[in-house]
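In what follows, a structure is listed as structure tokens, so that the remarks can point back to it.
Each chain gets a letter, A, B and so on, in the order its sequence line appears, and its residues count up from 1.
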Amino acid sequence: MSETQEQVLNIIKAEEMDPKFKYEISKIHGAEKIMLCYQCGTCTADCPVSRFSNFYRPRKIARMIQLGLKDRILSDKDLWLCTTCYTCIDHCPQNVDIAHVVRVLRNLSVKHTNSMPLVFKELANNLMKTGFVYVIPESRHTRRAQIGLPPLPKTKPQEIAKLFEITGFAKLLENVETFGRVE
Amino acid sequence: MSEEKPRYLLFLGCVIPYRLSSYEISARKVLAKLGVELVEMPEYNCCGFPMDPVNHDVMLTLAARNLCVAERENLNILTLCNGCFGTLCKVNKTLKEDKEERERINKYLAEFGMEFKGTIEVKHLVYVLSEDVGFEKIKDAVKKPLTSLRVAQHTGCHIVRPKKLIEKDDPENLRLLKELIELTGAKCLDYMDEAECCGNPIIGVNESIPFQMAKEKLEHIRAVGAQALITVCPFCHMMFDMNQPRIERAFNEKFGLPVLHYPQLLGLAMGFTPEELALNELRVKPFDLLNEIQSGRE
Ligand code: SF4
Ligand code: SF4
């Protein structure tokens with residue numbers, strides 16, 4: 001389905017629009033310049049993900065914020081498709097830093113919907129247990145010694161757990177729901 | 001040129017020790033020979049990048065914690081991974097320049113008895129080689145030039161973009177990795193859309209898009225007749241090497257393109273054996289490539 005067709009099917013209703021949303025967003029570090037977007041479409045044109053996805057469009061994300069479609073954008077799972085290649089940041093004539101805006105929306109979306117892609121919960125749990133986002137198996141450590149690589153540096157998982165606690169992330173992680181693939 | 005030997009804390013990150021020892025092994029060999037001293041980081045944790053999408057503060061604090069460890073050791077950091085570099089470099093810059101952010105993050109760090117001061121630098125392997133070792137010295141170390149080889153490079157994203165934050169190579173006209181490759185005697189070929197992303201960062205939520213992105217790159221590389229692809233990031237490497245057979249199956253294609261870590265290519269030119277550089281650990285076996293190098297020398 002083309003972008004235009006899709007928009008026709010999802011007609012925006014006035015009561016969906018939260019006029020304060022764009023101001024809330026522009027107070028957050030990284031998204032300060034969202035109001036400067038004049039919808040030129042350079043970001044979407046140069047975004048490698050938009051080339052292969054029928055739905056992911058950074059320009060549209062910027063417009064949805066400006067229109068105040070808060071619930072719609074924060075519930076949109078396509079937010080998770082940005083690869084953070086930062087091409088859009090380099091090419092935007094208005095310096096909107098749209099990839100950082102997407103990061104801000106993802107962070108908010110986790111709180112708004114109390115959900116995140118499963119992979120992030122798994123990585124976070126590993127991090128809390130081991131200090132790395134992957135559980136490095138014992139065999140890897142043995143193999144390092146065999147081939148003469150120095151032992152891996154020590155991590156302090158108890159400090160990571162503490163860090164999760166003081167940032168409020170631990171509490172969020174405990175009850176957060178997860179979803180798998182975004183197609 | 002100063003005679004002082006460059007010394008760095010080696011920041012390995014998570015994915016290299018987990019899956020890609022070949023990159024670590026070859027980088028250590030080559031750097032030692034070029035006179036770069038690597039000091040093992042006494043303690044570290046994940047750079048923070050994987051947590052940025054879900055919680056920016058967690059990312060900032062994880063990164064800052066690593067930077068504090070380096071400050072304590074009073075040594076600059078060397079990373080092999082583009083993601084680790086991008087994260088540590090940008091957080092270092094932000095916390096150095098933005099007093100408000102620094103104070104906010106320092107409140108978290110105080111819980112571990114740490115404080116970010118902003119006394120060190122973070123460099124990726126590519127920048128250590130080009131800025132600290134220097135092209136001349138690398139050229140001198142090349143004992144067996146790979147003159148018969150034609151390869152392509154994939155620099156990746158996070159060591160060059162966003163340009164205004166990294167301020168190194170030009171993402172619209174990548175030069176550094178190409179120049180480093182040509183020092184080995186190999187020819188580095190230009191190809192279409194060579195600055196584009198490998199797609200790997202979203203593979204945990206969607207496979208189809210990154211596979212299409214990587215397949216398109218592989219097609220462009222094949223079109224110019226490159227015999228190998230050279231990477232400087234474990235994630236890009238996994239996308240093109242480990243996933244290559246899966247991409248081939250998904251699109252009913254055959255690429256058979258060996259993907260080497262840059263220090264493996266440089267190592268071969270410096271006279272290390274394929275075994276010493278862990279070339280046997282690559283998923284796409286570089287047999288033809290090694291034969292070509294051999295016959296090119298005879
Ligand atoms: S490139 Fe910048 S100004 Fe143009 S649509 Fe995208 S965010 Fe808006
Ligand atoms: S950073 Fe994200 S939105 Fe921007 S061009 Fe890359 S994939 Fe697209």
Less than 4.5 Å apart, any side-chain heavy atom of A:Tyr134 and any of B:Arg19?
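No - every pair of side-chain heavy atoms lies 4.5 Å or more apart.
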
Contact between B:Glu207 and A:Arg181 at the side-chain level, heavy atoms closer than 4.5 Å - yes or no?
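When only atoms from C-beta onward are counted, A:Arg181 and B:Glu207 do touch, with a gap below 4.5 Å.
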
Stepwise side-chain contact (heavy atoms from CB on, under 4.5 Å) check, A:Thr84 with B:Phe49:
CA-CA 11 Å; A:Thr84 68; B:Phe49 174 68; 3.7 Å; yes

Under the side chain to side chain donor-acceptor pair (under 3.5 Å) test, which residues partner A:Lys70, sequence neighbours left out?
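Checked A:Lys70 against side chain to side chain donor-acceptor pair (under 3.5 Å); zero matches.
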
Any idea which heavy atoms bring [X] and [Y] closest together, and the distance?
X        : Y        : answer
B:Glu196 : A:Pro48  : OE1-CB, 3.8 Å
A:Pro117 : B:Val205 : CB-CG1, 3.4 Å
A:Phe52  : B:Glu216 : CZ-OE2, 3.7 Å
B:Pro162 : A:Asp90  : CA-OD1, 3.4 Å
B:Ile209 : A:Ser53  : CD1-CB, 3.6 Å

Pairing of B:Glu40 and A:Arg144 as salt bridge, 4.0 angstrom limit
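Result for this pair is no, no salt bridge flagged.
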
With a 4.5 angstrom heavy-atom cut-off, is it the side chain or the backbone of [X] that approaches chain B, or both, or neither?
X        : value
A:Ile147 : side chain
A:Cys82  : backbone
A:Leu152 : side chain
A:Pro157 : neither
A:Val135 : backbone
A:Ile160 : side chain
A:Leu81  : both
A:Tyr56  : neither
A:Ile166 : both
A:Val110 : side chain
A:Arg140 : side chain
A:His91  : side chain
A:Asn126 : neither

Output the residues of residues 91-111 of chain B for which the shortest heavy-atom distance to chain A is under 4.5 Å, in residue-number order; output 'none' if no such residue exists.
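Only B:Thr94, B:Asp98, B:Glu101, B:Tyr108, B:Glu111 of residues 91-111 of chain B have a heavy atom under 4.5 Å from chain A.
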
Applying side-chain contact (heavy atoms from CB on, under 4.5 Å) to A:Tyr86 and B:Lys163, what does each step give before you reach the verdict?
CA-CA 9 Å; A:Tyr86 303 136; B:Lys163 190 180 176 193; over 6 Å; no

Are more than 12 heavy atoms from other residues, nucleotides or ligands located less than 6.0 Å from atom [atom1] of [X]?
X        : atom1 : answer
A:Lys111 : NZ    : no
A:Phe179 : CZ    : yes
B:Lys164 : NZ    : yes

Find the one option among A:Asn107, A:Val104, A:Val119, A:Ile136 whose heavy-atom pairs under 4.5 Å with chain B are most numerous.
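Maximum pair count with chain B is reached by A:Asn107.
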
Tell me whether B:Asn206 contacts the main-chain N or O of A:Val182 through its side chain, where contact means a donor paired with an acceptor under 3.5 Å.
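Yes: the side chain of B:Asn206 pairs with the backbone of A:Val182.
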
